[in-house]
Amino acid sequence: MSYAIRLTDVTKRFNGVAAVEGLTLAVPEGSIYGFIGPNGSGKTTTLRMIMHILLPDQGTIEVLGSADTGAARDRVSYLPEERGLYKKMPVRRLLRYYGQLKGRTIAELDPAIDEWMARLGMQGWDGKKVEALSKGMSQKVQFVAAVISKPSLLILDEPFSGLDPVNAEALKDAVLEMRRRGTTVVFSTHDMGTAEKMCDRIFMIFRGRKVLDGTLDDIQAQYGLDTVRVRTAGGAAVLAGIPDVKAVNDYGQMQEVQLAGDPQGFLQQLLPRTAVYQFEVTRPSLHDIFVRIAKPAEVAPV
Amino acid sequence: MKNKALIVAVSEFTTLVRSKGFLVGLIMMPVFMGIAFGVQKFTRNATDIKDRQFVVVDRSGKLFAPLKAAADEWNRAAALATGGVQTQPRFLPAEATFDAGDDQARAQLSDRVKRDEIFAFVEIPADALNPDTKSTISYYSNHPSYRPLPSWIASTLNREILNERFRTASIDRAVVSRLTRRVDLSELGLLARDASGGIKAASRVDRVRTTAIPVGIMMIILFSVLSSAPQLLNSVIEEKMSRISEVLIGSITPYQLMMGKLLGSAAVSVLLAAIYMTGGIATARHFGYGDAIRMADLSWAAVYLPLAVVMFGSIFITIGAACSDLKDAQGMMTPAMLVMMLPWMTWFAIINAPDSPMSVGLSLFPTNAPFLMLLRIAIAPGPPLWQIVLSVVLTAVTAVALVHAAGKIFRTGLLMQGKAATLGEMWKWVRAD
C-alpha cells in the first residue's frame with residue numbers, strides 16, 4: 001500500500017509544552033482520513049506540520065512520497081479552520097491568485113473555477129468581493145480555492161463547522177467527488193456523525209498523543225458489545241441504581257447505556273422497573289468512544 | 001511556471017493600485033495643489049476690507065498730523081486698488097489726549113476696544129523726536145495676531161520721526177538718502193566656454209533652479225516611498241489576523257512571500273514616482289525650467305528609490321509580522337516613521353550647506369541616503385562621486401541586511417498569534433538558523 005502521508009515519531013513543542021508527542025501515522029493514498037480530538041489536542045498542529053507551515057522538533061514527515069514536505073506544496077491544498085480570504089478581493093481574482101500560487105495558469109484555473117462554482121451553487125458570484133459573501137459562501141469559496149489546483153492531497157481543518165445542513169451537504173458531496181477523482185482527503189472535525197459516515201479511517205489525538213487509529217469497525221471492536229440503547233417509559237431516571245450500569249448518555253427520548261456486565265442481566269434488572277419499548281445491544285458510537293476518552297480528564301491547553 | 005514571488009508581487013501591485021486610497025492619493029495631490037494655488041490667487045484679490053479706527057495720543061505734538069495725512073494717502077491709494085475696488089482696510093486715526101500717568105483713560109480706551117468701537121489705541125511719547133533718548137511707541141489692541149496696522153503705524157511714524165529729526169538738524173533728507181543708497185549684490189553662476197571657445201555669460205542665480213527643483217525631486221521620492229512602504233504593514237497584519245498567511249505559507253515559502261510583497265511595493269513606488277516626475281517635468285517645462293531637470297538626477301533617483309522601498313518595506317514587514325493587530329503595530333511604527341521623516345526634517349540644513357560635515361554625514365547614513373544624497377546630487381555642483389558611490393553601497397548593504405533579518409522574523413512572526421513579539425524574541429529569531 002502506498003501512503004499519501006507518513007508521520008514517524010513526530011513531536012512538536014511550543015514554549016516547552018508538547019502539542020504533539022511521538023506521533024506515528026500513515027494515511028493511505030486515495031482514502032478519506034478523519035482527524036478527531038478535543039479542542040487543543042494537537043489536530044491543527046499536526047495538519048500544519050503536514051502542510052510544512054510548522055516544522056516538527058523531532059521525527060520525520062513524508063508527504064506524497066517526499067520527505068521534504070515543502071517540495072510537495074503544489075500538490076497539497078489546505079483549508080484552514082479560520083477562513084483565510086482577502087475581504088476586499090473579488091472572488092475570481094482571489095481564486096486565480098491562490099491557484100497560481102499552486103503553480104497553475106489562469107487558462108487552467110478558469111474552467112476549474114467555473115466548474116466548482118457551479119457545483120457548489122455559486123454561479124454569478126465570482127465578480128463579488130469576498131466581504132459581500134455569507135459565512136457559508138466564504139467557506140465554499142475557500143474550498144473551491146483548495147480544489148481548483150487539482151491537488152493529490154486535500155487537507156481540511158474543520159470544513160463543516162458553522163455550515164447550515166444544505167451547505168454542509170454540498171461540501172460533503174464535493175469532498176466525496178474529490179476522493180472519486182483520486183485525491184486523498186484528510187479532515188479534522190468535531191462532528192462524530194460526519195466522521196463515522198465519511199471516513200475510511202479515523203485517527204484520534206488527545207493531549208498530543210495518538211489514542212485511536214483505524215477503521216470505524218476496528219475502533220468499535222476494541223470496545224466490544226458493551227453498549228445498549230434503550231427507550232423506556234421511565235426514561236433515564238429508572239436507570240439509577242442498577243449495578244451493571246457504568247455510564248449513561250441521555251438523549252431524552254432514548255438512553256445509551258455503557259454496561260459493566262451482561263446485557264441480558266441488565267434487561268432482567270430493568271424490566272421490573274419500567275415498560276421497555278426498545279432494547280438494542282450495540283457497539284459504542286464514535287461519539288461515545290470520544291467522550292469516554294476525553295471526558296475523564298481536563299483538556300490541557302496547548 | 002511563473003516565479004511565485006512574482007505572482008505575489010503582481011497581486012500586491014494590482015491590489016494597491018486598485019485601492020481607493022491609491023487613486024484618491026494620486027488624484028488628490030494635484031487637486032490639493034491646484035486648490036492651494038487657486039485659493040492663493042483668490043485671496044490675493046479678496047482680503048479683509050474692514051475699517052480700522054484707532055485712537056492716537058501724540059504727546060510729541062508733531063506726529064499726529066503727518067500720521068493722519070499718511071492715513072488719508074493710504075486710504076486713497078492703497079485701499080482703493082485699480083478699477084476702484086477696495087482690497088485693503090482703511091486706517092482711520094482719531095486724536096485723543098491724556099497724561100502719561102492716567103491709567104483710568106487707558107482703561108476707558110481698552111473698554112472701547114473691547115466693545116469694538118475702536119480697533120486699537122497708540123501712545124506716542126513726548127520724547128519720540130529726541131534722537132538721544134530711547135523712547136517707545138505703545139500700541140494697545142486685543143488682536144495681537146493682526147499685523148498690517150501696527151506695521152503701518154511703526155513704519156509711518158518712524159519715517160516722519162526721521163524726517164523731523166533731519167529737519168531739526170538742518171540736514172537735507174534727500175541728500176542723506178542719496179548718499180546712503182545701498183549697492184545690491186547680484187548672485188551669479190559661473191561663466192562657461194562653448195565648443196568654439198567662446199565665453200558664455202554667467203546667469204543670475206535662480207532659486208527655482210537651485211532649491212525648488214532639487215527639493216521637488218527629493219520630495220517626490222520621499223512621498224513615493226511613504227505612500228507604499230507603510231502599506232506593507234497593513235497587508236501583513238491583515239494576512240496574519242485573517243489567517244490568510246497560513247494558506248499562503250501552504251503554497252510558497254515565507255521568503256518568497258516577503259520578496260513578492262517588497263517587489264510589488266517597489267513597483268507601486270516606481271509608478272507613483274514616474275507619474276509625479278512626469279507631472280513635475282511638464283510643469284517645469286511650462287514655466288521654462290525644463291532644462292533644470294537633469295537626466296543624471298533622475299537616474300540616481302531611479303537607483304535610490306527601489307533601495308529605499310526595499311529598506312523601509314523590510315522594516316514595515318517586520319513590524320507587521322511581529323505584531324498581532326494594528327494597535328500593537330502603531331506603537332512599533334512610530335520610531336520607523338520618525339526615521340523615515342528625518343530627511344523631511346533636515347533638508348533645510350542640506351540646502352544651506354550641502355558640503356558641510358553634517359550634510360555629508362546625514363546623506364551617507366543609509367536610511368537618509370536615498371533622499372538626502374539625492375538632494376545633494378541635484379544641488380550644483382553636487383557631491384564628489386565617491387560619496388555617491390559610498391552612499392549607494394551603504395544603502396544596498398543595509399537593504400540586504402534588513403531583508404535577511406526581516407525574512408527570519410517574518411518566517412516565525414507570521415504564524416504567531418495573540419501577542420506582539422518583543423525585541424529580544426525578534427533578535428533570537430534573526431540569529432536562529
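Below, chain A is the first sequence line, B the second, and so on; all start at residue 1. What you are looking at is a predicted structure, and each value in this text was computed from that prediction instead of being measured.
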Enquirer: Answer yes or no: is there an ion pair linking Glu29(A) with Arg75(A), defined by an N-O contact shorter than 4.0 Å?
Expert: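 Between Arg75(A) and Glu29(A) there is no salt bridge, as every charged N stays at least 4.0 Å from the carboxylate O atoms.
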Enquirer: Check whether Leu85(A) gets within reach of chain B through its side chain, its backbone, both or neither, counting any heavy atom under 4.5 Å.
Expert: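 Looking at Leu85(A), just its backbone touches chain B.
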Enquirer: Which residue pairs pass the side-chain hydrogen bond (donor to acceptor under 3.5 Å, both in side chains) test when at least one of the two sits in residues 303-315 of chain B, sequence neighbours left out?
Expert: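 Listed once each, the pairs are Tyr304(B)-Ser391(B).
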Enquirer: Do you know which of Tyr86(A), Tyr98(A), Tyr78(A) has the most heavy-atom pairs under 4.5 Å to chain B?
Expert: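 Of the options given, most contacts go to Tyr86(A).
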Enquirer: Using 4.0 Å as the upper bound for N to carboxylate O, is an ion pair formed by Asp110(A) and Arg92(A)?
Expert: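 Judged by the 4.0 Å cut-off on N to carboxylate O distance, Arg92(A) and Asp110(A) do form a salt bridge.
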Enquirer: Considering non-hydrogen atoms only, spot the tightest contact between Gly37(A) and Lys43(A) and give its length.
Expert: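 Heavy atoms only, the tightest pair is O-NZ, 2.7 Å.
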Enquirer: By salt bridge (Lys or Arg N to Asp or Glu O under 4.0 Å), which residues pair with Lys87(A), not counting sequence neighbours?
Expert: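 Residues passing salt bridge (Lys or Arg N to Asp or Glu O under 4.0 Å) with Lys87(A): none at all.
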Enquirer: What part of Arg96(A) gets closer than 4.5 Å to chain B, counting heavy atoms only: side chain, backbone, both or neither?
Expert: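 Looking at Arg96(A), nothing touches chain B.
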Enquirer: With sequence neighbours excluded, tell me which residues meet salt bridge (Lys or Arg N to Asp or Glu O under 4.0 Å) with Arg209(A).
Expert: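 Per chain and number, Arg209(A) pairs via salt bridge (Lys or Arg N to Asp or Glu O under 4.0 Å) with Glu21(A).
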Enquirer: Side chains of Thr44(A) and Asp157(A) only: does a donor on one sit below 3.5 Å from an acceptor on the other?
Expert: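 Side chains of Thr44(A) and Asp157(A): pair found under 3.5 Å.
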Enquirer: Taking only heavy atoms into account, what residues of residues 253-273 of chain B are found under 4.5 Å from chain A?
Expert: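 Within residues 253-273 of chain B, the residues under 4.5 Å from chain A are Thr253(B).
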